[in-house]
Amino acid sequence: MKNEKYSVCWKCFISFGIFILLYIIGILLPIEATPHYHNYMSRIWNWTEILVLLLALYYIIKTKSFHWKQAVIAMLLGTICLVSLLRDPRTADIIITSVCVMVTFYAACRLYELADIENISIHTGITKSIWYFCLGAVIAIPLAFLNILYFSLSHQINIRNILSSAAFALKPAIAEEVIFRFFLLAYACCQLYGKVEKRFFNIYIYTLMIIPHELLHYPDLFIESPGLAVVMCILNGLLFGLPMALLMKRKNLQMAIGMHWFIDFARFVAGF
């Protein structure tokens, strides 16, 4: 049993190792080597999505079963993310993100069933999903205000169209919560649930749902000012990443998306 526990833990740390290696390569490789990407963040972010996509595909194949309702919801979520095509010229990247949302959502649903773990996000109806989404948005109000305050220190507030801001905020909210929290939570549960101590299980889950996602925002800053990048990762991880991760694990995906959406919506409306 003890050897099995160590084996499970090493498998989990290998996932982190591959991501860190990818991150380091993404920073060291000159941006000119991949002219498609306009900065280091877009490149590493896209590479990481592809990495997670491949992992999700592996588990879909492993489950050897099909659930049409979950597949339809996955298609719907991925299609909503395509709204960003209306204002972002990086068509290929957005399509990859949308496909990744579809695959990771479906894979996460199958992983929960594989691990025999009930997840309220999957079995919640439309009415309750809307309610949870709105509740998450309400909870996000103070964080959204704090986020706008931070951006206003270096940029001038310029009010934008409310409807377009609301629509465009759906893409990062859905994509980031599904790919980097919902799926990774399911992945961790499938790997660790009932196999390791509860304290290690919780530490690993929150680390997995917060740290990689935060690091993806700051590769350019790590090149310019590593110390500031570390500080920003810690602050944003505690102020924004942790609340969303808590909602994802203790409540559901819908509330986490609602919180994420409102923070980005408020930022877009303010012109940031």
Side-chain angles (χ1 to χ4, degrees), residues 1 3-19 22 46-82 95-126 128-129 132 174-196 198 200-202 204-210 212-213 244-245 247-257:
M1 178 65 72
N3 290 334
E4 181 183 355
K5 183 188 296 185
Y6 285 135
S7 175
V8 170
C9 292
W10 273 113
K11 288 179 181 178
C12 294
F13 286 122
I14 287 174
S15 302
F16 268 115
I18 294 174
F19 168 72
L22 185 74
N46 192 234
W47 286 359
T48 305
E49 284 182 336
I50 294 172
L51 180 66
V52 177
L53 172 63
L54 294 175
L55 182 64
L57 282 172
Y58 166 76
Y59 280 105
I60 289 176
I61 295 172
K62 186 177 180 179
T63 57
K64 297 179 181 179
S65 62
F66 180 77
H67 194 290
W68 69 268
K69 185 177 180 181
Q70 293 169 359
V72 169
I73 296 173
M75 290 286 291
L76 176 62
L77 292 174
T79 302
I80 292 174
C81 291
L82 292 175
I95 291 175
I96 288 174
T97 297
S98 300
V99 171
C100 192
V101 167
M102 297 178 192
V103 174
T104 52
F105 178 83
Y106 182 76
C109 294
R110 309 312 299 146
L111 279 173
Y112 281 121
E113 294 190 6
L114 186 67
D116 196 23
I117 297 174
E118 183 72 18
N119 188 289
I120 190 174
S121 307
I122 302 172
H123 305 292
T124 301
I126 296 176
K128 279 194 173 182
S129 292
Y132 286 134
I174 292 174
E176 293 175 35
E177 293 306 313
V178 170
I179 297 171
F180 298 113
R181 280 193 252 274
F182 186 63
F183 170 71
L184 292 182
L185 175 60
Y187 165 73
C189 287
C190 184
Q191 290 289 322
L192 298 178
Y193 189 74
K195 300 176 183 178
V196 296
K198 187 175 181 180
F200 175 83
F201 176 70
N202 287 326
Y204 179 79
I205 278 181
Y206 286 114
T207 301
L208 189 64
M209 288 196 291
I210 296 172
H213 178 256
M244 293 177 195
L247 282 182
M248 183 68 72
K249 184 176 184 296
R250 298 185 180 183
K251 296 298 181 180
N252 50 63
L253 170 64
Q254 291 87 334
M255 286 184 69
I257 289 178

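This one's a predicted model, so the numbers in the text were calculated from it and none came from an experiment.
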Restricting to non-hydrogen atoms, name the atom on [X] and the atom on [Y] that form the minimum distance, rounded to 0.1 Å.
X: Ser121; Y: Gln254; result: O-NE2, 3.1 Å
X: Ala188; Y: Phe201; result: O-CE1, 4.1 Å
X: Met244; Y: Arg181; result: SD-NH2, 3.4 Å
X: Ile179; Y: Leu184; result: O-CG, 3.8 Å
X: His67; Y: Tyr106; result: N-OH, 2.9 Å
X: Leu208; Y: Tyr187; result: CD2-CD2, 4.0 Å

Compile the donor-acceptor pairs under 3.5 Å between side chains in residues 96-103 and protein atoms, sequence neighbours left out, one pair per line.
unit_1 : atom_1 : unit_2 : atom_2 : d
Thr97  : OG1    : Glu49  : OE1    : 2.8
Thr97  : OG1    : Glu49  : OE2    : 3.2
Thr97  : OG1    : Asp93  : O      : 3.0
Ser98  : OG     : Gly78  : O      : 3.3
Ser98  : OG     : Ile94  : O      : 3.0

Once you round to the nearest 0.5 Å, how far does [atom1] of [X] lie from [atom2] of [Y]?
X: Arg110; Y: Cys190; atom1: CZ; atom2: SG; answer: 11.5 Å
X: Lys249; Y: Leu185; atom1: NZ; atom2: CG; answer: 7.5 Å
X: Tyr59; Y: Leu54; atom1: OH; atom2: CG; answer: 13.0 Å
X: Ile50; Y: Leu55; atom1: CD1; atom2: CG; answer: 14.0 Å
X: Ser129; Y: Asn252; atom1: OG; atom2: CG; answer: 7.5 Å
X: Thr104; Y: Leu57; atom1: OG1; atom2: CG; answer: 9.5 Å

| message | Is there a side chain to side chain contact (heavy atoms under 4.5 Å, CB included) between His123 and Glu118? Walk through the geometry before answering. | response | CA-CA 9 Å; His123 305 292; Glu118 183 72 18; 3.1 Å; yes
| field | Partner of Thr48 under side-chain contact (heavy atoms from CB on, under 4.5 Å), chosen from Leu53, Leu22, Ile18 | value | Leu22
| request: Evaluate the side-chain hydrogen bond (donor to acceptor under 3.5 Å, both in side chains) criterion for residues Tyr112 and Asn119: first the C-alpha distance (whole Å), next the side-chain angles of each, then the deciding distance (0.1 Å), finally the verdict. | output: CA-CA 7 Å; Tyr112 281 121; Asn119 188 289; 3.2 Å; yes
| Is the shortest heavy-atom distance from the side chain of Phe183 to the side chain of Leu111 under 4.5 Å? | yes
| Is the Phe182 ring parallel, tilted or perpendicular to the Phe105 ring (thresholds 30°, 60°)? |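 Geometry flag for Phe105 against Phe182: parallel rings.
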| Just wondering, more than 12 heavy atoms not from Lys251 lying within 6.0 Å of its NZ? |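 Not buried by this count: 12 neighbours or fewer within 6.0 Å.
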